[in-house]
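Below: one structure, written as structure tokens.
Both counts, for ligands and for their atoms, begin at 1 and track the order of listing.
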Amino acid sequence: MSETICAIATAIVPQQGSVGIVRLSGDEAQAIAARVFRAAGKQRFESHRIHYGHFVAPDGTVIDECLMLLMAAPRSFTREDVVEFHCHGGIAVVQQILRTCIEQGARLARRGEFTLRAFLNGRIDLTRAEAVAELVAARSPEAAQVAVAGLQGKLAQQVGTLRNRCLELLAQIEARLDFEDDLPPLDEGAIKADLAILHAGMRELIATASRGELLRTGLKVAIVGRPNVGKSSLLNAWSRVDRAIVTELPGTTRDLVESMLNLQGIPLQVLDTAGIREAQDKVEQLGIERSRSAARTADLVLLVIDRTEGWTCADSEIFAQLRDQQPPPLIVVVNKSDLEGPPIHTPTRGVVAQVATAAAWGQGIAELEAAILSAIGQQQLQLSNSDLAINERHHEALVRAEAALSRVDETLVAGLPLDFWTIDLRTAAQALGEITGQTVTEAVLDRIFSKFCIGK
Ligand code: GDP
Ligand code: ZN
């Protein structure tokens with residue numbers, strides 16, 4: 001018997017949202033539905049059918065006119081009986097429906113518990129479960145695409161293939177250990193070839209980690225520079241080009257303006273640190289400090305200078321202020337390039353690129369974006385539908401698997417006995433199994449599903 005869980009599955013904003021969904025999953029789901037849902041006319045409860053009627057509290061009060069969707073086990077997301085009430089959105093109705101379900105014996109679901117059950121009941125592997133949360137959190141169409149690829153099981157499939165290869169090799173070697181005399185000797189050449197294929201497959205997946213990280217967490221970019229060089233103009237021009245602006249919020253002080261842009265799917269949080277050199281009094285001094293620390297903690301700094309003045313002492317001063325122990329890569333943006341000016345000599349150390357723009361005329365943005373992509377080691381981030389990107393957890397496991405595989409290589413080269421190989425091959429297979437969830441601990445599951453929202 002599984003406990004029946006329930007939760008509000010839709011985002012709840014007071015007085016907004018036309019539809020709210022309350023979801024139940026577990027052995028009691030149908031029985032609870034039968035007690036609280038009054039179907040109109042002569043509808044009988046049938047699986048995979050939408051029923052129309054009223055949600056009625058035990059005391060007879062009609063709480064809402066709603067739709068009830070029934071999905072009987074095992075043909076449901078959790079492989080348990082699932083019931084969904086599609087009611088009028090708005091906080092009051094959904095909460096009353098939720099409360100009534102709880103009074104009728106369901107308990108409030110924990111974070112990600114529906115998805116956890118789908119995993120535990122074998123409907124989806126762990127990478128697909130993670131993709132569910134990733135899709136919900138995706139901040140750009142490209143990030144969503146990667147999540148959908150995961151949802152379709154593309155990562156699970158590739159990892160599964162690698163793991164099977166490991167297990168096949170292991171089986172071959174173990175057979176030799178058990179029946180040494182009856183089998184032909186191992187073909188070392190074939191094993192080396194197999195190991196090379198495994199290595200290549202792992203490396204291919206590991207190489208998607210940085211792309212995944214970029215798509216998921218994005219980049220923080222700080223624009224710094226003297227007053228009047230055109231920082232705000234640059235941010236404006238840029239915002240107009242990358243129309244997919246997510247939000248534009250004023251910073252905590254008037255010294256920081258933040259925009260969310262989308263650079264080929266990478267969510268960019270761009271800060272216009274207006275105050276870095278504009279301080280007159282104490283309040284402004286505080287702003288400067290904030291700007292400076294924003295620039296220091298950015299993933300990338302754009303230092304804007306004025307073409308008509310070239311590289312000035314004041315620019316050197318700002319540049320020096322940003323030199324930290326580990327300063328972020330810095331791109332010098334030579335703005336007002338529509339005008340003439342002296343030759344420009346920027347420092348070479350710590351400057352990864354120099355780009356000419358004329359922000360007031362909307363020029364140079366494409367070049368700036370190309371320079372940014374190149375600075376972060378991504379020439380382009382064009383994604384096709386089948387592209388996947390691993391997350392931090394997958395990355396860590398793959399690195400472990402690859403290290404174990406390298407030890408197998410060494411054992412082979414050193415001519416050590418067969419039993420030495422099996423240990424490392426087993427470690428590799430184990431690490432790969434953690435990715436898809438074949439071998440996984442409760443602690444890992446807790447960590448994954450605690451990041452979900454309630455109702456997922
Ligand atoms: P900020 O103080 O660095 O944010 O500079 P602003 O963006 O406020 O720009 C200062 C002045 O420079 C404004 O009058 C802009 O119109 C002008 N400006 C900005 N970009 C350009 C440019 O590319 N070419 C020219 N000619 N003027 C520019
Ligand atoms: Zn400005």
Show me which atoms of ligand 1 lie under 4.0 Å from any heavy atom of [X].
X    : answer
A360 : 20 (N), 21 (C), 22 (C), 23 (O), 24 (N), 28 (C)
K231 : 1 (P), 2 (O), 3 (O), 4 (O), 5 (O), 7 (O)
L339 : 26 (N)
A358 : 23 (O)
D338 : 22 (C), 23 (O), 24 (N), 25 (C), 26 (N)

So which of T357, N228, I223 gets nearest to atom 11 (C) of ligand 1, if we judge by its closest heavy atom? N228

Assess R226 for proximity to ligand 1: is some non-hydrogen atom of it under 4.0 Å away? yes

Take every heavy atom of G225, measure it against each atom of ligand 1, and state whether any distance is under 4.0 Å. no

I'd like to know: is the Zn ion (ligand 2) within the 2.8 Å range of an N/O/S atom from S232, strictly under that distance? yes

Taking the cut-offs as 6.0 angstrom to the six-membered ring centre and 45 degrees off its axis, would you call R323 and F319 a cation-pi pair? yes

Heavy atom under 4.0 Å from ligand 1: found in [X]'s side chain, backbone, both, or neither?
X    : result
P227 : backbone
L234 : neither
N335 : side chain

Just distances here: any N/O of S337 and N/O of ligand 1 closer than 3.5 Å? no

Below the 3.5 angstrom mark, is there an N/O of D272, backbone or side chain, next to an N/O of ligand 1? no

With a 4.5 Å limit on heavy-atom distance, are the side chains of [X] and [Y] in contact?
X    : Y    : result
M68  : F85  : yes
V19  : T10  : no
D315 : T346 : no
N262 : P141 : yes

With L302, which of V224, V332, T357, I331 fulfils side-chain contact (heavy atoms from CB on, under 4.5 Å)? I331

Name the one of R211, K154, E142 that satisfies side-chain contact (heavy atoms from CB on, under 4.5 Å) with D387? R211

Under the side-chain hydrogen bond (donor to acceptor under 3.5 Å, both in side chains) rule, collect the residues that match up with K220, sequence neighbours excluded. T297

Can we say E113 and R110 salt-bridge, meaning some charged N sits less than 4.0 Å from an Asp/Glu carboxylate O? yes

